[in-house]
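We count ligands from 1, going down the list as the structure has it; atoms in each ligand are counted the same way. In what follows, residues are counted from 1 in the order of the sequence shown.
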Amino acid sequence: MIFTDSHAHIEFPDFDEDREQVFERAQSSGVQYILAIGSGTGPHRLRAGLEMAEGRDGVYATIGIHPHEARLATETHFQELGQLAADQRVVAVGEIGLDYHYDHSPRDVQREVFLRQLDLAERSRLPLVIHCREAWEDCLRILEERWKRTGLRGILHCFTGSYEDAHRGMDAGFYISFAGNLTFPKATNLREVAAKIPLDRLLVETDSPFLAPLPHRGKRNEPSFVRFVAQQLGAIQGLPAEEVGQYTTQNFLNFIRQGQPAKPHAQMP
Ligand SMILES: [Zn+2]
Ligand SMILES: [Zn+2]
C-alpha cells in the first residue's frame, strides 16, 4: 500500500513529544510522501516545512505566508521567501490564499500578500498550495487571471467549495485535495462534489494536527490517518482505498515535478 499526505503541519508543538514516532507510524502505514507545509505559526517561521523535510526521505516542503497572518508580513519576510525558494526541498509556495471566514487579517491585505506570493512563485517556477475559505469568488478570479497563464499548477487544499468552484479550479490547472472533513456525517454536499472529480485531479491530505477523520474525529490528526480519507474517497468513487492511494500518489509526484528537474526521491511508486 502506498499513500501520500499532501498537507501536514508536523512542526506544530502538538508533535513535540513524539514527532519521530509520528513519522514512523506514517511510514509503517504506507505513507511514502508527505508535504510539510511551511507557513508555520506566522511569517517569523518560514523555515517550518523545510525543517521537517531535512534528512527525511519522502518529506517535501512548502514556503509561504498564510492569509491568517498576512497582516504580519514585512519586506524582510518576502526577501526570505525569495531565498528559501531556491532550496532543493521546496516544491511549492503555500499555503497561501484568502480566508474570509476568520478574517484574521484585513481582506485587502490578504489579497496583496497573496498576489505578491503569486509573483514569487511564478519567478521561482513553483506550483501553489491554496488555502481558500469562504472566498471562492475572489480566489478563483485571481487564479484565473493571474495563475492560469503561467502553465504552472496548484492544489486547492482542504477543499470545501461547490462543484462549480472545483471545476473552475481544475480549469485553471489545480488539483482538488480532500481532508478529514470528507468523512464527517454532515458532509453530504462535499461527498457529492468528490464523486465528480476525475481521478487524475484528486489528492488526499490530513492537515495534521487539525481535522482528524473518523474514527479519530476530535483527536490530534497525524499523517498515518490519511488512509481514512482515502477509504472515504474510495467509497465515494467506487474504488478500494489502495487504488486511491496509488492515484493520489501519482498525482502528487506529477505536482511536485512542476517546473523542477526530477528529484532523487520523486520516483514512480
Ligand atoms: Zn489551510
Ligand atoms: Zn494547513
Please find the N/O/S atom of D207 nearest to the Zn ion (ligand 2) and write down its name.
OD1
Please find out if the Zn ion (ligand 1) and some N, O or S atom of H157 are separated by less than 2.8 Å.
yes
Among the N, O or S atoms that H131 has, which is closest to the Zn ion (ligand 1)?
ND1
Please find out if the Zn ion (ligand 1) and some N, O or S atom of E95 are separated by less than 2.8 Å.
yes
Would you say E17 has more than 12 foreign heavy atoms packed within less than 6.0 Å of its CD?
no
Examine the side chains of H157 and E205 and answer whether a donor and an acceptor come within less than 3.5 Å of each other.
yes
Are the side chain of Q237 and the backbone N or O of I197 linked by a donor-acceptor pair below 3.5 Å?
yes
Give a yes or no on whether the backbone of L156 and the side-chain of S177 come within a donor-acceptor separation of less than 3.5 Å.
no
Are R217 and F184 in a cation-pi contact, defined as NZ or CZ under 6.0 Å from the six-membered ring centre and within 45° of the axis?
yes
Opening angle between NE2 in H7 and NE2 in H9, taken at the Zn ion (ligand 2), to 10 degrees:
100°
